[in-house]
Visitor: 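Got a structure for you, questions after.
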Amino acid sequence: MSESIDTAKEAIEGAQEAEEKQRDGSARNVAVLIAALAAALALAEMGEKGAQNDYLTHHIQASDQWNFYQAKTIRSNVYSVEADTLESLPAAADPAVRKRIDAARAQAKRLDDDEKTLGRKQLMEKARESEELRDHAFHRFHLFELVVGALEISIVLASVSVVTRVRPLALGAVVL
């Protein structure tokens, strides 16, 4: 009888050791999973910051370009009003006045469309391009935000699975 008790004790001890090894192995695997998730999180956060910087850069560019567009619109309107005012004068036929009218109209036209100094037409195109780049960067930023959130939740699930020894939580972390 003593032999069977010893055998039972040895079997119980063997089972306990096997269980501890399995727990240690599972804990180690989850620790490696957490490390991999943390590395992925760091990379995702770097991507998120880069996308955020791109968004802000293109947003500022678009804003600046639209501000220049508005300034050129005001200046163009001033030259157009000057030309209209001079034409309404009784001395509009005078060659000197006619020269000023033509110069004002030419200046207004140059402000509207000029490849060299970027007229309103060119500024509008550049501003729209910057807006497209800004919107694309914002979309990337939003996607990185989602990835970062998912990775943070995965890390929490994996950590809790070690403490509670509930393996499905670790599986949930892997799936997420």
Side-chain angles (χ1 to χ4, degrees), residues 23-85 100-176:
R23 283 185 198 161
D24 289 346
S26 294
R28 261 188 250 123
N29 289 341
V30 174
V32 170
L33 171 64
I34 292 170
L37 290 171
L41 176 62
L43 293 173
E45 285 180 337
M46 287 182 349
E48 180 184 30
K49 292 295 181 197
Q52 184 180 36
N53 287 340
D54 288 347
Y55 167 77
L56 291 172
T57 299
H58 295 302
H59 180 70
I60 291 167
Q61 280 178 347
S63 179
D64 286 350
Q65 288 158 348
W66 282 118
N67 288 336
F68 288 135
Y69 174 86
Q70 290 173 338
K72 287 206 181 217
T73 299
I74 292 168
R75 288 175 56 209
S76 176
N77 288 342
V78 167
Y79 283 114
S80 293
V81 167
E82 177 187 357
D84 292 345
T85 303
R100 282 186 60 195
I101 293 170
D102 292 341
R105 294 233 185 265
Q107 185 69 356
K109 185 177 181 201
R110 185 186 66 76
L111 289 168
D112 285 339
D113 187 6
D114 184 14
E115 293 289 330
K116 288 184 241 171
T117 62
L118 295 182
R120 289 178 46 223
K121 178 182 171 185
Q122 292 77 22
L123 283 170
M124 183 186 306
E125 289 172 10
K126 284 184 72 171
R128 287 192 175 142
E129 288 172 14
S130 292
E131 286 176 334
E132 285 180 32
L133 292 170
R134 176 203 63 198
D135 294 344
H136 179 71
F138 184 73
H139 180 69
R140 281 184 30 241
F141 172 69
H142 182 66
L143 289 176
F144 275 116
E145 275 186 323
L146 294 174
V147 169
V148 165
L151 286 168
E152 288 173 344
I153 292 169
S154 293
I155 290 170
V156 169
L157 288 175
S159 299
V160 170
S161 77
V162 171
V163 174
T164 62
R165 294 191 172 127
V166 177
R167 293 179 62 97
L169 290 175
L171 182 61
V174 170
V175 170
L176 188 59

Visitor: Are the side chains of Glu131 and Trp66 in contact, using a 4.5 Å heavy-atom criterion?
Guide: yes
Visitor: Can you tell me how far apart CG (Leu111) and OG1 (Thr117) are? Round to the nearest 0.5 Å.
Guide: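 Going from CG on Leu111 over to OG1 on Thr117, the span is 7.0 Å.
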Visitor: If you measure from CE on Met46 to CD on Glu48, what distance do you get to the nearest 0.5 Å?
Guide: 12.0 Å
Visitor: Between Ser76 and Lys72 (side chain of the first, backbone of the second, donor and acceptor by atom type, cut-off under 3.5 Å), is there such a pair?
Guide: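 Absent.
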Visitor: How close do Ala108 and Tyr79 get, heavy atom to heavy atom, and via which atoms?
Guide: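 For Ala108 and Tyr79, the tightest heavy-atom pair comes out as CB-CB, 3.9 Å.
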Visitor: State, to 0.1 Å, how close Leu33 and Ala158 come at their nearest heavy-atom pair, and which atoms those are.
Guide: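 Leu33 and Ala158 have their closest heavy atoms at CD2-CB, 4.1 Å.
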Visitor: Taking all heavy atoms of Ala44 and all of Leu151, pick out the closest pair and write down the distance.
Guide: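 Smallest heavy-atom distance, with atoms named: CB-CD1, 4.0 Å.
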Visitor: Report the distance from atom CG of Leu123 to atom CD of Gln70, rounding to the nearest 0.5 Å.
Guide: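 One finds 11.0 Å between CG of Leu123 and CD of Gln70.
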Visitor: Between Asp112 and Arg120, what is the shortest heavy-atom contact and its length?
Guide: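 Closest approach of Asp112 to Arg120, heavy atoms only: OD1-NH1, 2.7 Å.
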Visitor: Working to the nearest 0.5 angstrom, can you tell me the gap between Thr73 OG1 and Phe68 CZ?
Guide: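 It is 13.0 Å, given to the nearest 0.5 Å.
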Visitor: Are Gln61 and Arg134 packed together at the side-chain level, in the sense that at least one heavy-atom pair is separated by less than 4.5 angstrom?
Guide: no
Visitor: Nearest heavy-atom pair of Ser130 and Gln65: which atoms, and what distance?
Guide: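 Closest pair (atom of Ser130, atom of Gln65, distance): OG-OE1, 2.9 Å.
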Visitor: Take Arg128 and Glu125 through the test side chain to side chain contact (heavy atoms under 4.5 Å, CB included) and record every step on the way to the result.
Guide: CA-CA 5 Å; Arg128 287 192 175 142; Glu125 289 172 10; 6.0 Å; no
Visitor: Please round to the nearest 0.5 Å and tell me the distance separating atom CG of Asn53 and atom NE2 of His58.
Guide: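 Between atom CG of Asn53 and atom NE2 of His58 there are 10.5 Å.
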Visitor: Take Phe141 and Phe144 through the side chain to side chain contact (heavy atoms under 4.5 Å, CB included) test and state the conclusion after the steps.
Guide: CA-CA 5 Å; Phe141 172 69; Phe144 275 116; 5.6 Å; no
Visitor: Can you tell me if Glu45 uses its side chain to pair, donor with acceptor, with the backbone of Ala42 under 3.5 Å?
Guide: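 Checking the backbone N and O of Ala42 against the side chain of Glu45, no donor-acceptor pair under 3.5 Å is found.
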Visitor: Could you please spell out the steps behind the side chain to side chain contact (heavy atoms under 4.5 Å, CB included) verdict for Arg100 and Glu82?
Guide: CA-CA 9 Å; Arg100 282 186 60 195; Glu82 177 187 357; 3.6 Å; yes
Visitor: Taking it one step at a time, do Asp84 and Arg105 satisfy side chain to side chain contact (heavy atoms under 4.5 Å, CB included)?
Guide: CA-CA 9 Å; Asp84 292 345; Arg105 294 233 185 265; 2.7 Å; yes
Visitor: Of Val156, Ile155, Leu157, which meets side-chain contact (heavy atoms from CB on, under 4.5 Å) against Leu37?
Guide: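 In the set Val156, Ile155, Leu157, the residue that makes a side-chain contact (heavy atoms from CB on, under 4.5 Å) with Leu37 is Ile155.
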Visitor: Roughly how far apart are Arg75 CZ and Arg110 CZ, rounded to 0.5 Å?
Guide: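 If I round to the nearest 0.5 Å, the distance is 6.5 Å.
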